[in-house]
Amino acid sequence: RMGKNDSYFRHVLFGHISCLEDTGTYFPSVKRCPGRYLQPCSDAVKRWLRSMKKSGKILLLITSSHSDYCRLVCEHILGSDFEELFDIIITNALKPGFFSLVPQQRPFRTLVDDVEDSEGLPSLEKPGWYSQESELDQILRCLKNPTPSGTGGGMEGQDQGMKSPSAVSNQWGSYFVDVQKNEGEETRSLTWCCHSIHTYSTMAIPSIEAIADLPLDFKFQRFSSDKPITTGYYPRPPDSLLKWEEN
């Protein structure tokens, strides 16, 4: 939390919240050398997205980023044809208000050259690329299939971007288990991060690549209070949790 200096810090680092103006330090750096900051998705992930869409699933991309930055990132990680992978793209979603405000408070807006139309749309009539909005149900009502296959952001049901199931920071230790040493004895306890994942997520996956080759009807094990602490991690639990469970 930045406190009273938060707005100044954001202005210096990011400049305008859109990267069109090329201000601040972050956006210009990413635009000059996206490969330094972004890792392209594998062909397996792209095939996975196409296979879901071909099977009739609805793919949504929802992000609080502005459309110009979203385009910059997606073109680098998914390719110049990334828009074909999604039925609807919502940028500048401004979460969490996207999920809590009524449509009249934040209507859909169309985009022209990455600039929002000043007049909001009364409703969403067809798939495409839009900005803002405040009700996911309205997106689904305009589509034939009422079941979305994925959204961006948040912890609930999302991919947890862990470096690997067993990676442990040399500085901070395990992300999942805290180890306290006192007079030669070790005391282990689950971290706040670990509790949060189990409380607010459905499952944890270190990378999309881990599931890209699975059949679309694959059944994942979910986090549950009546199951072992290691249940819900795919493709395998973190080593620190396995050791914690053994003890």
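No hydrogens, no waters, no symmetry mates; every other heavy atom, side chains included, goes into these values.
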Using distance alone, with no hydrogens and no angle criterion, decide if Gln180 and Asn182 have a side-chain donor and acceptor under 3.5 Å apart. no
What pair of heavy atoms forms the shortest contact from Leu78 to Leu49, and how long is it? CD2-CD1, 4.1 Å
For Asp81, enumerate each residue passing the side-chain contact (heavy atoms from CB on, under 4.5 Å) test, keeping only those at least two apart in sequence or located in another chain. Arg50, Glu84
Considering only residues two or more places apart or on different chains, which pairs with a residue in residues 209-225 satisfy salt bridge (charged side-chain N to carboxylate O under 4.0 Å, His left out)? none
Checking Ala210 now: which residues fulfil side-chain contact (heavy atoms from CB on, under 4.5 Å) with it, not counting sequence neighbours? Ile205, Pro235
Looking only at the side chains, is there a donor atom on one of Ser174 and Ser240 sitting less than 3.5 Å from an acceptor on the other? yes
Run the ring pair (Phe, Tyr, Trp, His ring centres under 6.0 Å) test against Phe223 and tell me which residues pass, sequence neighbours left out. His198, Tyr233
Is there a side-chain contact between Phe86 and Leu60 in this structure, where contact means two heavy atoms from C-beta onward sitting under 4.5 Å apart? no
Spell out, as yes or no, whether a donor-acceptor pair under 3.5 Å connects the side chain of Asp178 to the backbone of Ser189. no
Verify, without hydrogens or angle tests, whether Ser51 (side chain) and Trp48 (backbone) share a donor-acceptor contact under 3.5 angstrom. yes
Once side-chain contact (heavy atoms from CB on, under 4.5 Å) is applied, do any residues pair with Asp43, and if so which ones, sequence neighbours excluded? Lys46, Arg47
Ser80: what forms a side-chain contact (heavy atoms from CB on, under 4.5 Å) with it, not counting sequence neighbours? none
